[in-house]
Protein chains: 2
Amino acid sequence: MTVECKNCPLRKKDCFLPFSQQELAFTQGFKSGELSVDAGTTIQIEGSETPHLYTILSGMGVRYKTLENGRRQVINFILPGDFVGLQAGVMGEAAHSVEATTPMVLCTFRRSDLWRLFQNHPGRAYDLVWLAASEEAFLGQSLVTVGQRKGLERVSWALLKLFDRLSHLGLANGNRAPLPYRQQDVADALGLSLVHTNKTLGVLRSRRVAKWSEGELHILDREKLQGYALIEEEDVVQRPLI
Amino acid sequence: MTVECKNCPLRKKDCFLPFSQQELAFTQGFKSGELSVDAGTTIQIEGSETPHLYTILSGMGVRYKTLENGRRQVINFILPGDFVGLQAGVMGEAAHSVEATTPMVLCTFRRSDLWRLFQNHPGRAYDLVWLAASEEAFLGQSLVTVGQRKGLERVSWALLKLFDRLSHLGLANGNRAPLPYRQQDVADALGLSLVHTNKTLGVLRSRRVAKWSEGELHILDREKLQGYALIEEEDVVQRPLI
DNA sequence: CGCCCACTTGAGGAATGTCAATCTCCGTGG
DNA sequence: CCACGGAGATTGACATTCCTCAAGTGGGCG
């Protein structure tokens with residue numbers, strides 16, 4: 001009993017580009033099933049081949065890579081609507097691991113059908129490139145953050161980015177949004193130690209700029225937070241959903 | 001008097017996938033011209049629209065992003081065969097700037113022809129996704145480096161990656177390869193200060209592990225360098241050339 | 001010759017990491 | 001019902017890495 005694409009709850013959100021009838025039909029045929037996993041499940045392992053591609057229907061997770069010595073870098077946070085496994089799909093093996101932070105429902109596609117998509121649906125192929133390019137652009141921003149911003153700037157940047165992504169998905173309620181990650185996840189995403197991340201969050205809390213506790217992020221002073229984050233305002237565009 | 005694709009010197013290199021006759025013909029038609037620039041020329045500016053996509057025929061450069069406060073993050077180094085402008089091509093505006101470090105010759109394509117590629121050449125479209133995914137994978141590795149490795153590890157990692165890329169392009173001569181960048185460029189790529197980068201290079205030099213001077217990189221003890229870099233050996237695959 | 005740029009080196013300070021202890025919340029087993 | 005243990009958050013003290021400032025070197029070029 002899986003969700004049909006035409007009833008997909010994500011489609012209704014206005015952060016995604018509308019589907020044409022034809023795209024809808026194709027995507028429905030492309031979809032091979034659904035996967036529901038518990039919190040903590042590893043969906044994809046770095047270096048492994050996976051037969052599937054996924055679109056996240058609900059739930060949140062992280063992409064990460066691990067160094068031999070155990071240090072972990074969170075590549076980014078995965079939210080509903082994100083497409084997972086494109087790298088593994090085209091390059092053979094996954095470049096990073098993916099883990100569910102909350103229970104998650106994923107829409108699955110067969111890797112072997114990917115070629116059919118390129119052959120018959122140039123529009124969808126274009127969307128894939130768009131997604132890949134846009135992921136790349138985001139990674140570039142993360143690299144700037146980790147490479148050039150200091151602690152307070154990094155943490156502010158991350159909270160703001162996460163809040164905005166959640167907000168565009170319609171998951172925010174005013175200036176509050178659910179954020180079920182651990183401080184360790186954010187620390188690993190920013191290249192900071194857990195302790196330092198914790199203390200930096202404490203600064204934001206005591207200055208009444210942002211508060212994050214019990215899985216909820218609360219933006220108290222967006223202006224100041226943006227100031228700390230050294231963020232250039234950027235326009236939001238609708239993105240394709242696969 | 002431009003180079004015809006069928007005579008393209010890059011095609012001969014065995015790090016690239018072979019072209020079919022059909023691909024060759026299409027690519028020739030896709031190519032709109034050539035661009036030669038001096039060292040120091042900015043080819044693409046962050047945030048601007050560009051009407052062109054490029055493949056680097058010869059020369060080296062850097063992709064970078066700049067923060068309001070002037071700090072610069074080098075996203076990566078651009079070598080012959082690299083494809084530039086895909087992000088700008090599909091997303092409208094460039095996410096980073098591109099600057100030529102040496103004199104450069106670029107093969108140009110019209111952005112407006114991109115759609116034609118998707119319509120008529122699913123194989124080339126697939127190659128584009130492959131390239132985008134592979135760029136993304138590399139950025140992920142860079143993020144791990146900047147986020148989790150320390151100074152000596154970062155510098156070792158960067159030298160090794162650069163050497164291997166050059167080597168696969170056939171630009172290395174034994175354990176030497178041309179590396180015309182400034183220390184500042186590497187520092188900005190690794191999120192380290194110029195001074196610290198310089199001192200770290202000094203350590204590698206005094207330990208007789210790697211030497212980089214006068215635009216030439218010399219790997220003296222690859223084993224040790226890999227040890228410092230915390231690198232997991234990875235297999236090299238042929239990549240598509242556009 | 002003199003200037004500019006890249007590289008080099010030293011010294012001191014700031015940012016961040018590491019270690020360790022504590023606290024709270026929660027679920028489990030006795 | 002309570003003791004226990006584990007996970008995550010918090011805090012303090014100290015160690016280390018890395019940054020900034022500053023000065024000096026050497027080569028290329030007008």
Side-chain angles (χ1 to χ4, degrees), chain A residues 38-40 62 67 69-74 99 101-102 145-159 178-207 210-218 228 230, chain B residues 38-40 62 67 69-74 99 101-102 145-159 178-207 210-218 228 230:
Chain A
D38 290 336
V62 290
L67 230 43
N69 60 15
R71 283 177 284 187
R72 180 183 80 143
Q73 174 70 35
V74 167
E99 185 177 314
T101 299
T102 67
T145 297
V146 175
Q148 308 299 332
R149 286 186 242 250
K150 335 201 156 203
L152 181 62
E153 300 164 356
R154 291 190 213 182
V155 173
S156 302
W157 179 87
L159 294 184
L179 196 65
Y181 298 101
R182 293 167 304 156
Q183 295 187 353
Q184 184 73 65
D185 295 322
V186 172
D188 288 346
L190 296 175
L192 294 172
S193 70
L194 170 60
V195 173
H196 198 254
T197 301
N198 177 287
K199 286 175 179 163
T200 306
L201 285 167
V203 170
L204 289 174
R205 198 184 321 129
S206 69
R207 294 192 192 169
K211 199 164 69 172
W212 174 30
S213 61
E214 289 148 44
E216 189 182 62
L217 173 61
H218 191 176
Y228 294 154
L230 303 178
Chain B
D38 290 336
V62 290
L67 230 42
N69 59 15
R71 283 177 285 187
R72 180 183 80 142
Q73 175 70 36
V74 167
E99 185 178 314
T101 299
T102 67
T145 297
V146 176
Q148 308 299 332
R149 286 187 240 250
K150 336 201 157 202
L152 180 62
E153 301 165 356
R154 291 190 213 182
V155 173
S156 302
W157 179 87
L159 294 183
L179 196 64
Y181 298 101
R182 293 166 305 156
Q183 295 186 353
Q184 184 74 65
D185 295 322
V186 172
D188 288 346
L190 297 175
L192 295 172
S193 70
L194 169 61
V195 173
H196 199 252
T197 302
N198 177 287
K199 286 174 180 166
T200 306
L201 285 167
V203 170
L204 289 174
R205 197 184 321 127
S206 69
R207 294 192 192 169
K211 199 164 69 173
W212 173 30
S213 61
E214 289 147 45
E216 189 182 63
L217 172 62
H218 191 176
Y228 295 155
L230 303 178

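Quantities reported herein were computed from a predicted structural model and do not represent experimental measurements. Numbers restart at 1 for each chain; the letters A, B, ... are given by sequence-line order, proteins then strands.
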Completion exercise
In whole angstroms, the gap separating P of C/dA15 from OH of A/Y228 amounts to 14 Å
Handout entry: Heavy-atom closest contact (B/H196 atom, B/L192 atom, distance)
Key = ND1-CD2, 4.1 Å
Problem - Whether over 12 other heavy atoms sit under 6.0 Å from A/N69 CG - result: yes
Exercise for the section: Specify the closest pair of heavy atoms between A/S156 and A/L204, including all atoms of both residues, with the distance to one decimal. Expected result: OG-CD2, 3.9 Å
Fill in the blank from the handout: Heavy-atom nearest pair, B/L159 first then B/A210, reads CD1-CB, 4.2 Å
Please tabulate, one pair per line, all N/O donor-acceptor pairs under 3.5 Å involving side-chain atoms of residues 179-191 of chain B, not counting sequence neighbours.
from   : atom 1 : to     : atom 2 : distance (Å)
B/Y181 : OH     : B/G61  : N      : 3.4
B/Y181 : OH     : B/G61  : O      : 2.8
B/Y181 : OH     : B/I78  : O      : 3.4
B/R182 : NH2    : B/D185 : OD1    : 3.0
B/Q183 : OE1    : B/N198 : ND2    : 2.9
B/Q184 : NE2    : B/D188 : OD1    : 3.1
B/D185 : OD1    : B/R72  : NH2    : 2.7
B/D185 : OD2    : B/R182 : N      : 3.0
B/D188 : OD2    : B/R72  : NE     : 2.7
B/D188 : OD2    : B/R72  : NH2    : 3.0

Practice task
Would you confirm whether A/R154, through its side chain, and A/R149, through its main-chain N or O, come within 3.5 Å as a donor-acceptor pair?
Solution key: yes
Practice task
Can you tell me the distance, in whole Å, between the CG atom of B/D188 and the C1' atom of C/dC7?
Solution key: 15 Å
Exercise for the section: Identify the two heavy atoms, one from A/L230 and one from B/R71, that lie closest to each other, and give their separation to 0.1 Å. Expected result: CD1-NH2, 3.5 Å
Exercise for the section: Take the C1' atoms of the five end pairs on each side of the helix from C/dC1-D/dG30 to C/dG30-D/dC1, derive the two axes, and give their angle rounded to 10 degrees. Expected result: 20°
Exercise for the section: Indicate the atoms forming the closest heavy-atom contact of A/E153 with A/Q148, along with that distance. Expected result: OE1-O, 4.3 Å
Practice task
Starting at the 5' end of nucleotides 5-19 of chain D, put B wherever the base has a protein heavy atom under 4.0 Å, S where only the sugar-phosphate does, and a dash everywhere else.
Solution key: ---SSBBBB----BS
